[in-house]
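Notes for the one structure printed next.
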There are 2 protein chains.
Amino acid sequence: MKKLKEDIPACPIVYTMTYLGGKWKPIILGRLLKGPVRFGKLAVQIPDISRKILTEQLKELEEDGLIIRHSYNEKPPRVEYELSEIGQTVIPVLLAMTELGSKMHEAITRHKRVATGA
Amino acid sequence: MKKLKEDIPACPIVYTMTYLGGKWKPIILGRLLKGPVRFGKLAVQIPDISRKILTEQLKELEEDGLIIRHSYNEKPPRVEYELSEIGQTVIPVLLAMTELGSKMHEAITRHKRVATGA
DNA sequence: ATTGGTAGTGACGTTTATGTAACTAAAAGC
DNA sequence: GCTTTTAGTTACATAAACGTCACTACCAAT
């Protein structure tokens, strides 16, 4: 999502969205909740993301200071990503979103049944 | 954001994003936290959204069952939007995002100062 | 008859986000 | 010296999201 960044906008929610917006960032961060993960492992755990996009998103998250990239000078290369201290502050949002996801799935399924008369 | 909808995906977070994704939905919902608001008032309170996009986003939120549209049969027209019961379940996410927005703004400002050596 | 106010819609164009396919480097194992 | 492995990059193409501008309908007041 395009950045507004420097100014905190009218609504801090929009500001948050500039960091978490997009299809993949929340799920990537979700994978890092339990500690450092290698690039290749992320790619496997999130099968529908292309490696190119994964690289890009990780780079943005790193530039935004939410994650830390550890590159070990080995061959073949080994690179690990982990939540930074700032990145830890997204955890409550991720948890709330997780909770919401489940509730919505249940509620909206019901809503649809009603709406369609099924 | 494009929908995955029917199946709850590997990560409920992604599922949540299909409902809250995009630049405007969270801020629109944020405006409805305190009760029903008219279309025109939303447009004024969120000055940077075009009325067309506002209409579209409201329609999607309504289709997703998150908000309710009340159209009073008056001339000139009066239309009000409010959070549905399902919509209320986003409140914790909005609050967590609000909190995060403030924390991030402060933290990332500091991060940037460090990163640029200023 | 013209203007003002409300909540839109439709055609069209731009920007942002995401995707695919082909390619690189450098060491290790055969 | 050919292949495998990892973490990428580059060029290119498509899809999704967002935007502008012009327009509608209806009634009331001027």
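Computed from heavy atoms alone, side chains included, the values below leave out hydrogens, waters and symmetry copies. Since the structure is predicted, the reported quantities are computational estimates derived from the model, not experimental observations. In the text below, chain A, chain B and the rest are named by the order of the sequence lines, each starting its count at 1.
When every heavy atom of Ile46(B) is checked against every heavy atom of Arg31(B), the shortest pair comes out as CD1-CG, 4.0 Å. When every heavy atom of Thr16(B) is checked against every heavy atom of Met97(A), the shortest pair comes out as OG1-O, 2.8 Å. The nearest pair of heavy atoms linking Met104(A) to Thr89(B) is CG-OG1, 4.4 Å. Across all their heavy atoms, Pro77(A) and Arg38(A) have their closest contact at O-NH2, 3.4 Å.
With sequence neighbours left out, Arg51(B) forms a salt bridge (Lys or Arg N to Asp or Glu O under 4.0 Å) with no residue at all. Evaluation of the salt bridge (Lys or Arg N to Asp or Glu O under 4.0 Å) rule for Lys52(B) yields Glu56(B) as partners, not counting sequence neighbours. Taking the side-chain contact (heavy atoms from CB on, under 4.5 Å) definition, one finds that Thr55(A) meets it with Phe39(A), sequence neighbours left out.
Following rounding to the nearest Å, His70(B) (NE2) and dA7(C) (P) show an atom-to-atom distance of 14 Å. Here dC18(D) presents its C1' atom at 7 Å from NZ of Lys23(B), a figure rounded to the nearest Å. One interatomic measurement links the two molecules: CG of Leu54(B) to C1' of dA7(C), which rounds to 10 Å at whole-angstrom precision. Between Glu62(B) atom CD and dA7(C) atom C1' the separation is 14 Å, expressed in whole Å. Atom CE in Met17(A) sits roughly 14 Å away from atom C1' in dT16(C) (whole-Å rounding). Leu42(B) has its CG atom 10 Å from the P atom of dA7(C), to the nearest Å. Taking atom CD1 on Ile53(B) and atom P on dG13(C), their separation rounds to 16 Å, with Å as the unit. When the P atom of dC18(D) is taken as reference, atom CD of Glu60(B) falls 8 Å away, rounded to whole Å.
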* Under 4.0 Å protein heavy-atom contact, by nucleotide of nucleotides 23-30 of chain D - B base, S sugar-phosphate only -> ---SS---

Quiz: residues 81-88 of chain B side-chain donor-acceptor pairs under 3.5 angstrom, not counting sequence neighbours:
| unit_1 | atom_1 | unit_2 | atom_2 | d |
| --- | --- | --- | --- | --- |
| Tyr81(B) | OH | Arg69(B) | NE | 3.4 |
| Glu82(B) | OE2 | His70(B) | NE2 | 2.7 |
| Ser84(B) | OG | Gly65(B) | O | 2.6 |
| Ser84(B) | OG | Leu66(B) | O | 3.0 |
| Ser84(B) | OG | Ile86(B) | N | 3.3 |
| Ser84(B) | OG | Gly87(B) | N | 2.9 |

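Of the candidates dA7(C), dA7(D), dC18(D), dA7(D) carries the atom nearest the Arg38(A) side chain, counting heavy atoms from C-beta on.
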Filtered N/O pairs between nucleotides 8-10 of chain D and protein, under 3.5 Å:
| unit_1 | atom_1 | unit_2 | atom_2 | d |
| --- | --- | --- | --- | --- |
| dG8(D) | OP1 | Arg69(A) | NH2 | 2.7 |
| dG8(D) | OP2 | Tyr81(A) | OH | 2.8 |
| dT9(D) | OP1 | Lys59(A) | NZ | 3.2 |

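The phosphate of dA17(C) (OP1 or OP2) has no side-chain N or O of Gln57(A) nearer than 4.0 angstrom.
Salt bridge Lys25(A)/Glu60(A): present, at least one basic N to carboxylate O contact under 4.0 Å.
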